[in-house]
Amino acid sequence: MFFDNIVAASADPILGLTEEFKNDTRADKINLGVGIYKTNEGVTPILKCVKQAEKIIFDTETTKSYLPIVGSPEYGRLVRELVLGKDSEIIVADRARSVQAPGGTGALRIGADFLVQQNVTKKVWISDPTWANHFQVFGKAGLETAKYKYYNPETHGLDFEGMKASLKQAKAGDAVVLHACCHNPTGIDPTAAQWEELAKLFAELKLIPFFDFAYQGFGNGIEEDAFGVRTFLKYNSEVLIANSFSKNFGLYNERIGALTIVSADKETADRVFSQMKIAVRANFSNPPAHGAAIVTTVLSNPELRALWVEEVKEMRDRIKEMRELFVKKLSALGVKNDFSFINEQYGMFSFSGLSKEQVARLKEEFGIYIVGSGRISVAGITTANIDALCAAIAKVL
């Protein structure tokens with residue numbers, strides 16, 4: 001038969017772990033693998049601003065007709081203002097264009113396809129470590145992938161000198177994927193001074209910055225988390241930005257994101273936009289509407305936008321509280337390892353420093369599921385499971 005020689009693919013390292021968790025019959029099991037925000041009650045909520053927006057949409061929506069290839073123009077405008085800043089010189093000069101995409105992953109793939117189809121570059125550099133799907137997204141698009149240093153396991157911090165040394169090996173015209181904030185999986189971001197230095201280095205080396213902006217608002221704040229992107233735009237006239245509303249709007253299953261490309265001038269932006277449309281058309285023709293309608297409704301309504309900002313803050317604060325409590329409880333248990341570095345990390349994830357062997361023991365002996373790299377989804381920690389989690393970690397160290 002035609003498919004007889006097809007070999008079964010390996011399970012996705014994160015989604016496969018989730019399947020194992022589902023099949024585990026232990027009542028006290030804990031899932032700290034998948035990157036989904038949960039409340040202290042262990043629920044992934046629908047935000048209040050989203051529910052209110054959906055009521056407005058339900059009452060006012062008049063058609064289910066196709067969206068344009070690039071999605072809703074109003075959605076694109078709001079995305080650019082959120083990412084670049086409402087008063088950005090780039091917006092005033094009309095140098096940026098956005099296309100709506102099915103999630104941040106879809107945005108990354110559209111950007112990758114654009115780079116390949118337009119012969120912009122043949123190679124992309126990706127941080128080591130990174131989100132597991134980055135190499136697939138860019139590799140399947142036809143780009144050669146390479147790694148640049150990012151994490152220092154000895155300091156549990158950013159290997160900034162190693163990062164710069166790696167990037168200096170790149171050739172002019174190579175693309176580089178940067179996590180705009182809340183680096184996945186380490187939770188470690190460059191400082192303001194380091195962002196500035198990197199932005200200048202990229203301009204000097206003539207590298208193409210490609211930002212993955214999946215966690216805006218989960219680090220220090222919605223505006224604050226755009227610092228890296230906006231700093232790069234001071235020195236680099238051409239930048240790609242893939243953003244997602246899965247986390248900061250809780251719209252995981254709506255798959256809503258966008259790709260924004262900044263060009264040197266309006267005329268170039270228009271040409272780029274025409275080719276972005278081709279990349280979208282060949283992938284999914286035109287995007288789904290509901291998620292974009294929610295985001296547009298919230299961001300364009302002052303009351304709902306204020307509510308959204310507050311709800312993002314609540315999520316951000318809860319994650320920070322779990323970090324602090326986690327470190328405090330491990331210390332109270334007499335653990336010799338210093339876990340204080342976890343309080344210096346940002347966003348949903350933390351590189352815990354746990355070894356593969358320790359992670360395996362946590363799963364086998366205690367029903368605690370963590371990615372093999374030791375990455376913990378801090379949002380999965382609650383006041384109900386943190387004592388059991390810390391006690392188990394103390395036993396495997």
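In this text, all values refer to a predicted model and were calculated from it rather than measured experimentally. Numbering of residues begins at 1 and proceeds along the displayed sequence.
The ring-ring contact (aromatic ring centres under 6.0 Å, His included) test applied to Y346 returns no partner, not counting sequence neighbours. Scanning for side chain to side chain contact (heavy atoms under 4.5 Å, CB included) contacts around Q136 gives N133, with sequence neighbours left out. Considering only residues two or more places apart in sequence or on other chains, E41 meets the side chain to side chain contact (heavy atoms under 4.5 Å, CB included) condition with T39, V43. Applying the ring-ring contact (aromatic ring centres under 6.0 Å, His included) rule to F21 yields the partners Y369; only residues at least two apart in sequence or on another chain are considered. Scored by the ring-ring contact (aromatic ring centres under 6.0 Å, His included) test, F114 finds no partners at all (sequence neighbours excluded). Residues satisfying the side chain to side chain contact (heavy atoms under 4.5 Å, CB included) test with E204, not counting sequence neighbours, are L201. Considering only residues two or more places apart in sequence or on other chains, W125 meets the ring-ring contact (aromatic ring centres under 6.0 Å, His included) condition with none of them. Contacts of S352 classified as side chain to side chain contact (heavy atoms under 4.5 Å, CB included), with partners at least two apart in sequence or in another chain: L354, I376.
Within the 4.5 Å cutoff, the side chain of I261 has no heavy atoms near those of the R97 side chain. Residues K38 and T44 form a side-chain contact, since some pair of their non-hydrogen atoms from C-beta on lies under 4.5 Å apart. With a 4.5 Å cut-off on side-chain heavy atoms, D113 and N283 count as touching. For the pair F138 and V177, the minimum side-chain heavy-atom distance is below 4.5 Å.
Side-chain contact, T63 with S65: no donor N or O sits under 3.5 Å from an acceptor N or O. Between the side chains of R80 and S98, at least one donor-acceptor pair of N or O atoms lies under 3.5 Å.
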After noting the C-alpha distance and the side-chain angles of V371 and F349, does the key distance pass the side-chain contact (heavy atoms from CB on, under 4.5 Å) rule?
-> CA-CA 11 Å; V371 179; F349 303 114; over 6 Å; no
In sequence, state the C-alpha distance, the side-chain angles, and the governing distance for L198 and L167, and then conclude on side-chain contact (heavy atoms from CB on, under 4.5 Å).
-> CA-CA 10 Å; L198 285 172; L167 293 174; 4.3 Å; yes
Are K171 and K122 close enough, and set up right, to give a side-chain contact (heavy atoms from CB on, under 4.5 Å), and what steps lead you there?
-> CA-CA 11 Å; K171 294 180 180 179; K122 298 183 182 298; over 6 Å; no
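Rounding to the nearest 0.5 Å gives a distance of 6.5 Å between CG of L17 and CG of N31. Atoms CD and NZ, from E89 and K234 in turn, are 13.0 Å apart once rounded to the nearest 0.5 Å.
For residues 286-303, the side chain to side chain donor-acceptor pair (under 3.5 Å) pairs, not counting sequence neighbours, are E54-H290. Here ring-ring contact (aromatic ring centres under 6.0 Å, His included) pairs that include residues 23-52, with residues two or more places apart or in two chains, number zero. Here salt bridge (charged side-chain N to carboxylate O under 4.0 Å, His left out) pairs that include residues 379-388, with residues two or more places apart or in two chains, are K329-D387.
With salt bridges taken as basic N to acidic carboxylate O contacts below 4.0 Å, none links K48 and E310. Between K164 and E161 there is a salt bridge, since a side-chain N of the basic residue sits under 4.0 Å from a carboxylate O of the acidic one. One finds no salt bridge joining D59 and K55 here, because no Lys/Arg side-chain nitrogen approaches an Asp/Glu carboxylate oxygen to under 4.0 Å. Salt-bridge annotation for E267 and R271: absent, with no side-chain N of the basic residue lying under 4.0 Å from a carboxylate O of the acidic one.
Hydrophobic clustering, with ILVMFWY side chains joined whenever heavy atoms are under 4.5 angstrom apart, groups W195 together with Y150.
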Would you list the atom pairs, donor with acceptor, under 3.5 Å between side chains in residues 206-220 and any protein atom, with sequence neighbours excluded?
| residue | atom | partner | partner atom | Å |
| --- | --- | --- | --- | --- |
| D212 | OD2 | H134 | NE2 | 2.7 |
| Q216 | NE2 | L82 | O | 3.1 |
| Q216 | NE2 | I222 | O | 3.0 |

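Formation of a donor-acceptor pair under 3.5 Å by the W308 side chain with backbone atoms of N248 is found in this model.
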